[in-house]
Amino acid sequence: MAEESLKVTNFIRDIINEDIKNNKNNGNVVTRFPPEPNGYLHIGHAKSICLNFGLAEEYKGRCHLRFDDTNPVKEDVEYIESIKEDVKWLGFDWGEDLYFASDHFDRLYEFALELIKMGKAYVCSLSADQIREYRGTLTEPGKESPYRNRTIEENLDLFERMKAGEFNDGEHVLRAKIDMCSGNLSMRDPTLYRIRKVRHHRTGNKWCIYPMYDFTHCLSDSIEGVTHSICTLEFENNRPLYDWILDTLGMDCHPQQIEFARLNLSYTLMSKRKLLELVEEGHVTGWDDPRMPTISGLRRRGYTPEAIRDFCGRIGVAKRDSMVDLSLLEHCIREDLNKRAPRVMAVLNPLKVVIINYPVDGVEEVDALNNPEDADAGKRKIPFTRELYIERDDFREDPPKKFFRLAPGREVRLKYAYYIKCEEVIKDKETGEVMEVRCTYDPETRGGWSEDGRKVKGTLHWVSADRSIESEVRLYDHLFTKEDPSDIAEGDDCRNYLNPDSLTVLRSCRVEPSLAGSLPGSRFQFERLGYFCVDPDSGENMPVFNRIVSLRDSWAKIEKKIKEG
Ligand code: ATP
Ligand code: MG
């Protein structure tokens, strides 16, 4: 598993290889994926999952799934369950190693007491605003809190009373006593604990003080015996604090924090907070809306775990932030589905074709290949009848140059069936809209080939009119019109760049009868149209399909150009 994510050598593997050579950590590799259960996972998390679980597999180590559940205000069990489901679906297994930061709350409290006793932490009674003010800026040193020199006894007393619930939210915090003049803002007496009188989804009402991320994270890593704590670049400045806490407490296990660049994907957002806003404000139908960059959205859209892992392997791991083009992700799913998605015929915008020289009640079955890329995929039968549907776009009354499809007097191939020739166009008298095209077929061209070597330029997909199934098809486009919707001027709002055309619903589509009863999650290539997946909204008599991706592959073109120099 995860073979794809390991192809690329990266600087993290170099570090691990070096550690193994030096027998650091007795040669063990233990990583972790530490999501905060405050939303659904997105494709950025997939990068971190593939990296952490992938490295553990490669080095025969372990990867923990640890919920960083230190902020009960924003967290929910729904998110815990969805995160577990998504990690499993991506193809990874944490085995016995499922942890919650909240499992460590008792020990974290003991560590906090220890810091107080060492004179390395104090209870500060400044307000949140004052603390911010006292912190200083990148160019100015901070100011020491007037509470900084409380005695150890006073600090122990206050901290215990904070825990006992004697104070209100915000009245006091526990801070590390480090250096208010440090050039690194995270070292200016960072907050370790705060009062939050809220119920926690796992510890109930046991606690009303909760540890901060910086305090919790390094100690959880250490308690669990993690060797390599891999996180995104925004934590680089927190690394000295990570090390300070573990060193000051003299922890036996001191994992190495390593930072890598987070994934940014064009035309979408990678922030649970912002994605939650889209859900709550109804800009999308839910976390699993097929337009969302969430794992559950991509799954519903029809993406496969293999394609996502392949993508995560190709983007690699770097030290510098960059924007990855969405067309690379699309390329990965096309490559995967090209190999395994069965081909079927479907018409999205039907135009009726009547074969005037075909018997009124005639039906015959023509052979169609299930997948030309897969010799074992075999063939199936599709019914051919007098009345058919073709794509409205495949007919033009006044064809422009280079339009090789159907037009008055012109002959084209119906794939796997016959050559047909357009004899007459029936139009709505009032609107002038083309209602029906009347054609003749050539019985000598069965299978779609002419014995006399007569060539046609166009090959169209089609379905039988009365033997096809009515269905709904949902077409998706970028969620945002702006390449980087997170890069906006002050006062502007990413919502201003939501794409009004991100969803198009087509309700009178027709698909071939072999698709009857297809289960949600089944994927197909609709010939000439793209890859589609059956949506859970499908009814017994009305299948609903999501277009995963069209057939046009702009990434493949880019790759080809690069190869050709
Ligand atoms: P968000 O801003 O979306 O909430 P987060 O970093 O706060 O992201 P966490 O739940 O804390 O979300 O993330 C769990 C892990 O996933 C962390 O190790 C984090 O670094 C990693 N991660 C989050 N977003 C990305 C991304 N875009 N690319 C790579 N890794 C990411
Ligand atoms: Mg976070």
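Both ligands and their constituent atoms are indexed starting at 1 by order of listing. Note that the numbering runs from 1 along the sequence shown for the chain.
Short contacts between ligand 1 and Glu36, defined as distances under 4.0 Å to a heavy atom of the residue, involve ligand atoms 9 (P), 10 (O). The atoms of ligand 1 that sit less than 4.0 Å from any heavy atom of Pro35 are 10 (O), 14 (C). Numbered from 1 in the order shown, with element, the atoms of ligand 1 that lie under 4.0 Å from a heavy atom of Lys272 read 1 (P), 3 (O), 4 (O), 9 (P), 10 (O), 12 (O). Counting atoms of ligand 1 from 1 in the listed order, those under 4.0 Å from a heavy atom of Ser48 are 16 (O), 21 (C), 30 (N). Interface of Phe33 with ligand 1, defined as ligand atoms under 4.0 Å from a residue heavy atom, comprises 14 (C), 15 (C), 16 (O). Close approach of ligand 1 to Met270 (heavy-atom distance below 4.0 Å) involves ligand atoms 3 (O). Residue Thr232 has at least one heavy-atom neighbour below 4.0 Å for each of these atoms of ligand 1: 19 (C), 20 (O), 29 (C), 30 (N), 31 (C).
Ligand 1 does not have Arg273 within reach: every non-hydrogen atom of the residue lies 4.0 Å or more from it.
The pair Lys21-Glu18 meets the salt-bridge criterion, with a side-chain N (NZ, NE, NH1 or NH2) lying under 4.0 Å from an Asp/Glu carboxylate O. Electrostatic pairing of Arg495 and Glu277 counts as a salt bridge here, judged by a charged N lying under 4.0 Å from a carboxylate O.
For atom 25 (C) of ligand 1, the choice among Gly44, Ser271, Ser229 with the nearest heavy atom turns out to be Gly44.
Polar contact check, His45 against ligand 1: a nitrogen or oxygen pair lies under 3.5 Å apart. Below 3.5 Å of separation, one finds no N or O of Glu234 facing any N or O of ligand 1. Annotation: Leu263 places an N or O atom under 3.5 Å from an N or O atom of ligand 1; distance criterion only.
The shortest distance between side-chain heavy atoms of Ile488 and Lys482 falls below 4.5 Å.
Taking Tyr122 as the reference, Asp189 meet the side chain to side chain donor-acceptor pair (under 3.5 Å) condition, with sequence neighbours excluded.
Side-chain rings of Phe33 and Phe92 stay apart, their centers remaining 6.0 Å or farther from each other. With ring centers used as reference points, Phe480 lies 6.0 Å or more from Tyr497.
Seen from the ring of Phe105, Lys206 does not count as a face-on cation partner, given the 6.0 Å and 45° thresholds. A cation-pi arrangement is not found for Arg196 relative to Tyr210, the charged atom failing to lie both closer than 6.0 Å to the ring centre and inside a 45° cone about the ring normal.
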